[in-house]
Amino acid sequence: MIQLKNVVAEYTTKRGRMKAVDGVDLVIPDGVIVGIAGESGCGKSTLMKVLYGDLGFPLSLASGSVDYGFTNDKGQPVTDANVQREWFRHVSIIPQSSMSSLNPVIRIREQFVDFPATSKDKKATLAKVREFVQRIGLPPESIDAYPHQLSGGMRQRIMVALATFLEPEVILADEPTTALDVVVQKEILLLLLELQEKMRNTIIFVSHDMGVHYQLTHQMLIMYAGKAVEHGPTEEIFRAPLHPYTLLLTSALPTIGDDRARQGLPGSPPSLWDPPKGCRFAPRCPLATEKCRTEEPPLVEVRPGHSSACHHIDRIPQLQADLAKAPSLDDLDEARLLAQVQENLRREHEIDATADAAPPSEVDRPEIPSEVADTVAPAGGER
Amino acid sequence: MTTVLKAEGLRKTYKLGSFTSRVTINALDDINLDIVSDDPVIVSLVGESGSGKTTLAKTILRLVEPTAGKAWVHDQVVTGSGGMGRLDFMRMVQPIFQNPFDAFSRYRTVDTYLHETAARIAGLNGAKGRDAVDEALSSVGLDYADVVGKYPNQFSGGELQRASIARALIPHPQLIVADEPVSMIDASRRMIVINLFKALKEQYRTSFLYITHDLATAYYISDYIAVMSKGRIVEFGAARDVLSTPRHDYTKLLLSSIPTLTHKWDRTPALASTGA
Ligand SMILES: Nc1ncnc2c1ncn2[C@@H]1O[C@H](COP(=O)(O)OP(=O)(O)OP(=O)(O)O)[C@@H](O)[C@H]1O
Ligand code: SF4
Ligand SMILES: [Mg+2]
């Protein structure tokens with residue numbers, strides 16, 4: 001099992017240090033697929049970098065530790081301090097973009113035999129690689145190609161092959177199918193699922209698509225503004241969540257065949273430079289009380305294997321029931337629809353106005369050189 | 001009845017490669033469409049990447065000249081010869097792009113753009129221009145006072161996207177063409193923009209051509225849906241009908257590939273069994 005203890009990960013920037021992951025405690029049993037979800041900027045990728053041991057300026061592990069639960073060749077426990085030496089053989093990664101992680105001028109097969117762990121017997125390894133890629137539905141010759149000669153879907157299959165070939169204990173996948181169309185995405189996810197069932201690796205999987213999490217994962221970790229706010233079995237996360245954020249996140253988008261009006265979740269997460277004192281979700285939470293605004297809720301185990309950080313867990317079923325009662329979109333008359341839209345926009349504005357006084361972009365306001373001041377990009381926004 | 005959107009034999013071919021090895025790509029391969037309605041409608045155009053959605057959108061926006069065929073918006077020819085003048089066209093059809101940062105130059109304040117659209121396209125100057133900008137901003141939930149004097153990078157992505165929607169609304173166009181307008185917005189907030197489109201359709205009586213690869217939001221807001229594959233429209237109809245009882249195999253394939261929250265995918269083994 002993998003054990004994260006109070007992991008704090010910081011970026012060092014011109015503005016100072018910012019905690020992108022702020023005190024995550026987590027235990028991941030062996031052989032499960034854990035999904036990590038949360039809005040953009042909540043720290044998913046940062047946590048993945050910590051898990052991969054991919055640290056270095058500007059990212060550092062400010063405190064805490066990761067224990068992977070297995071030992072290296074020398075019999076020492078693998079931790080955040082030495083995990084880099086276990087890359088490929090014990091801990092592998094499936095990145096979002098295969099194009100940027102495959103070396104474009106090297107044939108695919110060379111990228112397999114490049115593994116530190118396999119370089120001893122090239123020929124035998126290659127024969128095994130060919131057999132392996134064939135099993136996952138690619139022609140064995142595909143490993144003789146250069147990356148650009150393969151389609152995006154084939155390349156991502158190759159990435160899955162690279163990550164699973166040595167049957168590592170841990171596979172880390174950060175949005176591995178985001179760039180793909182749904183048909184190919186499904187093929188690749190089912191392939192990964194089947195490989196995992198055979199090899200029993202632990203997979204930690206980041207996606208912004210709740211449907212993907214539902215299809216693939218056994219457990220989920222929900223993150224908000226650098227914190228773990230809920231962790232539990234996937235089925236419970238969707239059917240009986242223990243955090244309002246999880247509930248609103250999983251019900252934000254419509255599904256085909258369900259005509260209920262959806263409101264989404266107005267406002268953005270708080271700035272990590274100046275997070276709110278109490279619960280970080282309070283500015284957007286429909287259940288927030290004074291206690292929420294002053295006292296930070298700790299992550300506690302509420303049901304066996306299911307923990308949440310919220311002061312008002314008892315009020316979540318009611319919120320869930322209210323959401324389920326939302327009127328059908330077809331029953332909303334024009335006036336009510338308009339009123340709801342305006343109300344959401346007003347809340348969005350209100351939350352964002354208090355979220356961060358600094359401009360959202362790090363880029364300073366540009367000087368306006370006089371020669372470009374007149375060059376008018378066409379008002380139609382033509383590109 | 002008004003012909004909201006119509007296409008007849010629309011084609012766009014791109015020739016790639018050298019003289020000796022020419023490859024012809026049919027980005028649009030005989031597109032026919034005829035949507036007639038007295039009320040404004042939201043038409044979704046769905047399909048995978050490379051299916052021709054954006055080429056079709058650009059053809060309707062006159063950013064791409066079709067190789068053959070014709071298109072109409074609101075009873076008027078918009079493509080090829082016999083089409084209307086540029087200003088008249090821009091009063092009638094307006095775009096919203098995927099990345100709002102594409103709609104504004106980073107060197108100019110956003111309100112300058114809005115005023116310019118009011119003056120040049122809608123022909124509204126001075127106080128009238130100011131009123132038009134005000135009205136458009138408030139219908140997307142922005143205050144003039146919060147916008148004035150600010151450069152694009154001083155807005156959040158969501159705010160800037162709404163400012164670009166406001167800009168498109170100023171001339172009160174008959175059709176807004178929105179190409180993947182929410183794909184860069186967090187899933188949690190996408191519905192705010194989607195619901196806004198639905199409200200604006202009523203408020204401004206504007207039709208929308210909503211281009212997306214997301215069938216669920218297409219189901220949610222659209223009146224009609226066109227499913228594209230390889231440059232062709234393979235299925236067209238009332239959105240709820242097409243997506244609840246698809247006829248074409250390609251629509252069925254797309255629908256069965258969506259990772260839904262309601263049921264798990266059927267598992268047919270993906271691994272070849274040799275040596276497993
Ligand atoms: N190299 C960096 N330098 C400084 N800050 C960074 C860097 N990379 C990320 N951040 C910041 O750290 C925070 C967490 O970012 P992270 O990439 O982990 O989020 P994420 O959850 O993966 O988001 P997304 O869904 O957009 O991928 C954000 O505020 C981000 O701006
Ligand atoms: S602690 Fe309060 S504000 Fe935070 S999620 Fe729970 S109810 Fe909402
Ligand atoms: Mg990320």
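Residue numbering restarts at 1 for every chain, and letters A, B, ... go by the order of the sequence lines. Hydrogens, waters and symmetry mates play no part in the numbers below; they use all other heavy atoms, side chains included. Everything numeric in this text was worked out from a predicted model, so none of it was measured.
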So, for A:Val182 and B:Glu48, which heavy atoms are closest and what is the spacing to 0.1 Å? N-OE2, 4.2 Å
Side-chain touch A:Ile256/B:Leu215, heavy atoms, less than 4.5 angstrom: yes
Can you tell if the side chain of A:Asp330 reaches within under 4.5 Å of the side chain of B:Arg240, non-hydrogen atoms only? yes
Looking only at heavy atoms and a cut-off of under 4.5 Å, which of B:Lys150, B:His213, B:His263 has the most pairs with chain A? B:His263
Examine whether an atom of B:Asp186 lies under 4.5 Å from a heavy atom of chain A, and if so say whether it belongs to the side chain, the backbone or both; otherwise answer neither. side chain
Between A:Leu180 and chain B, which part of the residue has a heavy atom less than 4.5 Å away: side chain, backbone, both or neither? neither
Taken in chain and number order and not counting sequence neighbours, the residues that satisfy side chain to side chain contact (heavy atoms under 4.5 Å, CB included) with A:Ala252 are none
Can you tell me which portion of B:Thr112 sits under 4.5 Å from chain A's heavy atoms? Options are side chain, backbone, both or neither. neither
Give the member of B:Ser188, B:Ala168, B:Ala199 that has the highest number of heavy-atom pairs under 4.5 Å with chain A. B:Ser188
Min side-chain heavy-atom separation B:Met191-A:Leu265 under 4.5 Å: no
Less than 4.5 Å to any heavy atom of chain B: does that hold for the side chain of A:Glu343, its backbone, both, or neither? neither
Steps toward side-chain contact (heavy atoms from CB on, under 4.5 Å) verdict (A:Glu348, B:Ile192): CA-CA 9 Å; A:Glu348 172 119 333; B:Ile192 294 168; 3.3 Å; yes
Side chains of B:Lys198 and A:Leu337: does their closest heavy-atom pair fall under 4.5 Å? yes
Looking only at heavy atoms and a cut-off of under 4.5 Å, which of A:Glu197, A:His213, A:Gln134 has the most pairs with chain B? A:Glu197
Per-residue contact mode, B:Leu255 against chain A (heavy atom under 4.5 angstrom): side chain
Only pairs of heavy atoms separated by less than 4.5 Å count here; which of B:Ala216, B:Ser244, B:Ser256, B:Gly50 has the most with chain A? B:Ala216
Indicate the atoms forming the closest heavy-atom contact of B:Ser139 with A:Leu345, along with that distance. O-CD1, 4.4 Å
Counting only heavy atoms closer than 4.5 Å, note whether A:Arg346 contacts chain B via side chain, backbone, both or neither. neither
Chain B contact via A:Arg239 - which portion, at a heavy-atom distance below 4.5 Å: side chain
Determine whether A:Leu338 and B:Glu202 make a side-chain contact, defined as any pair of heavy atoms from C-beta on separated by less than 4.5 Å. no
Donor-acceptor check, side chain of B:Arg189 to backbone of A:Gly264, threshold 3.5 angstrom: yes or no? no
Which atom names give the shortest non-hydrogen contact between B:Pro259 and A:Gln185, and what distance separates them? CG-NE2, 3.6 Å
When heavy-atom pairs shorter than 4.5 Å are enumerated against chain B, which of A:Gly137, A:Gly257, A:Pro266 gives the highest number? A:Gly257
Option passing side-chain contact (heavy atoms from CB on, under 4.5 Å) with B:Ser257 (candidates A:Val183, A:Val184, A:Leu189): A:Val183
Between A:Asp258 and B:Tyr220, a side-chain donor and acceptor under 3.5 Å: no
Check each atom of A:Leu191 against the heavy atoms of chain B and say whether the ones under 4.5 Å are side chain, backbone, both or neither. both
Correct closest heavy-atom pair for A:Gln342 and B:Gly141 would be OE1-CA, 4.4 Å
Heavy atoms, side chains only, cut-off 4.5 Å: are A:Met210 and B:Leu261 in contact? yes
Of the backbone (N, CA, C, O) and the side chain (C-beta and beyond), which part of A:Ile136 lies under 4.5 Å from a heavy atom of chain B, both, or neither? both
Name the region of A:Asp333, side chain, backbone, both or neither, that has any atom closer than 4.5 Å to a heavy atom of chain B. neither
Does any heavy atom of chain A fall under 4.5 Å from the side chain of B:Val140, the backbone, both, or neither of them? backbone
Residues A:His349 and B:Asp143: side-chain donor-acceptor under 3.5 angstrom: no
With chain B, the option among A:Leu190, A:Leu329, A:Asn344 that has the most non-hydrogen atom pairs under 4.5 Å is A:Leu329
For a quick test of reading the model, state the closest non-hydrogen atom pair linking A:Glu334 to B:Gln203 and the distance between them. OE2-N, 4.4 Å
Checking the side chain of B:Asn195 only, and the main-chain atoms of A:Arg262 only, is there a donor and an acceptor separated by less than 3.5 Å? yes
Quick one: what part of B:Lys201 sits under 4.5 Å from any heavy atom of chain A, side chain, backbone, both or neither? neither
A:Arg284 versus chain B, the contacting section by heavy-atom distance below 4.5 Å: side chain
Are A:Leu193 and B:Trp265 close enough that some pair of their side-chain heavy atoms sits under 4.5 Å apart? no
Heavy-atom closest pair (B:Thr260 atom, A:Gln215 atom, distance to 0.1 Å) is O-NE2, 2.9 Å
